[in-house]
There are 2 protein chains.
Amino acid sequence: MEHRIERIKKQLHAQSYKLTPQREATVRVLLEREEDHLSAEDIYLLVKEKAPEIGLATVYRTLELLSELKVVDKINFGDGVSRYDLRKEGAAHFHHHLVCMECGAVEEIVEDLLEDVEKKIEDEWQFQVKDHRLTFHGICRKCQQKNNANN
Amino acid sequence: MEHRIERIKKQLHAQSYKLTPQREATVRVLLEREEDHLSAEDIYLLVKEKAPEIGLATVYRTLELLSELKVVDKINFGDGVSRYDLRKEGAAHFHHHLVCMECGAVEEIVEDLLEDVEKKIEDEWQFQVKDHRLTFHGICRKCQQKNNANN
DNA sequence: TTATTATTTGTTAATGATTATCATTAGTTT
DNA sequence: AAACTAATGATAATCATTAACAAATAATAA
Ligand SMILES: [Mn+2]
Ligand SMILES: [Mn+2]
Ligand SMILES: [Zn+2]
Ligand SMILES: [Zn+2]
């Protein structure tokens with residue numbers, strides 16, 4: 001944890017930004033809830049527990065900044081809000097998601113499944129891939145079992 | 001064109017919805033601009049040229065309805081608006097996109113590049129895939145050439 | 001140190017996309 | 001025609017995000 005904060009601090013300094021207490025508190029929340037996919041509002045409420053004086057705009061600003069630094073990725077699952085997702089340490093590409101259409105659960109896939117596809121895109125479409133977004137919509141394991149039980 | 005409208009009409013009737021003049025005008029705009037990725041507002045302005053009396057809310061309602069019927073897919077490229085994209089006729093899955101980070105151009109890939117990946121997801125994650133969203137972010141052919149010329 | 005300048009923050013107001021409300025219209029069924 | 005239902009258009013409401021701006025904080029110069 002401290003290790004990752006140190007690294008983010010360095011990334012900020014490299015662009016001559018500072019790791020202010022507000023920014024640190026925000027990063028800590030993101031680290032603590034790494035599995036989740038929190039909205040700005042969610043994050044704001046959690047940061048408030050650590051730093052009650054923080055303002056919502058600061059959280060938005062921090063998340064924007066962390067997006068620029070590619071510390072977080074901003075995603076949209078189609079409900080009306082943006083969600084912020086910590087990049088896996090050292091990952092070149094954004095990880096994938098499995099979204100259950102029944103229960104809404106979101107599972108992460110860290111393994112990069114798109115290497116072959118990207119090669120194809122670069123070769124056949126002459127498009128130079130920098131990053132990707134991949135989400136599967138379907139039925140999660142739990143819901144499949146639940147459905148089978150009720151039949 | 002007429003053929004596709006007929007088919008959409010049948011899909012609507014199958015759920016006992018009607019193809020009203022407003023809905024038809026909206027569908028016609030979507031067909032005429034099939035390559036594009038229009039926002040609700042964009043579509044509203046285009047429909048107004050055919051049917052000036054139409055209201056914005058009706059356009060939203062129609063797009064919502066067409067989404068339910070899977071005639072269109074609602075997507076979000078990260079600017080603040082939802083965009084609506086006609087499904088390719090008979091396609092089981094949503095097509096892919098290449099978004100240029102420099103000029104913003106959006107290219108479509110109709111070929112399904114994810115069959116192997118989906119098989120893997122189903123086998124190794126026990127997740128039953130119904131659909132997917134795949135977008136690549138990078139540099140389009142044109143911008144690559146432009147960049148090379150300037151070096 | 002003190003004065004000056006640049007960053008960052010919190011509060012608040014503004015914006016802009018989407019949704020809800022509701023009276024009106026069009027279409028169907030008796 | 002009367003009664004009922006579905007769909008529409010105008011408008012107001014909602015809600016996430018951004019902008020504005022004065023106050024606080026940190027960095028730098030004098
Ligand atoms: Mn994730
Ligand atoms: Mn498309
Ligand atoms: Zn589920
Ligand atoms: Zn380009």
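No hydrogens, no waters, no symmetry mates; every other heavy atom, side chains included, goes into these values. Labels below follow one simple rule: chain letters A, B, ... track the order of the sequence lines, proteins then strands, and each chain is numbered from 1. Computed from a prediction, not measured in an experiment: that's the story for all the values here.
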Starting at [atom1] of [X] and ending at [atom2] of [N], how long is that distance when rounded to a whole Å?
X     : N      : atom1 : atom2 : result
B/E24 : D/dA7  : CD    : C1'   : 16 Å
A/E53 : C/dT12 : CD    : P     : 15 Å
B/N76 : C/dT18 : CG    : P     : 9 Å
A/E64 : C/dT8  : CD    : C1'   : 15 Å
A/Q15 : C/dA6  : CD    : C1'   : 18 Å
A/D79 : D/dC15 : CG    : C1'   : 13 Å
B/I54 : D/dA10 : CD1   : P     : 10 Å
A/R61 : D/dA16 : CZ    : P     : 18 Å

Under-4.0 Å side-chain N/O to phosphate OP1/OP2 contact, [X] with [N]:
X     : N      : result
A/Q22 : C/dG10 : yes
B/T20 : D/dA7  : no
B/S82 : C/dA17 : no
A/R23 : C/dT9  : yes
B/Y60 : C/dT19 : no

How would you label the contact of A/E41 with the nucleic acid (heavy atoms, under 4.0 Å): base, sugar-phosphate, or nothing?
-> nothing
Can we say [X] and [Y] salt-bridge, meaning some charged N sits less than 4.0 Å from an Asp/Glu carboxylate O?
X      : Y      : result
B/R141 : B/E107 : no
A/E2   : A/R28  : yes
B/K88  : B/E108 : yes

State whether the side chain of B/R87 and the backbone N or O of B/A92 hold a donor-acceptor pair below 3.5 Å, judged by distance alone.
->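 Yes.
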Closest nucleotide of DNA chain C for B/S39 versus for B/K18: which of these residues is on the 5' side?
-> B/S39
For A/E53, look at atom CD and say whether over 12 heavy atoms of other residues, nucleotides or ligands are found less than 6.0 Å away.
->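 Yes.
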Choose from D/dA16, C/dT8, C/dG10 the nucleotide whose nearest atom is closest to any side-chain atom of A/T58.
->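 Among the listed nucleotides, the one closest to the side chain of A/T58 is C/dG10.
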Measure from the side chain of A/A40, starting at C-beta and using heavy atoms only, and say which of C/dT18, D/dT17, D/dA7 lies closest.
-> D/dT17
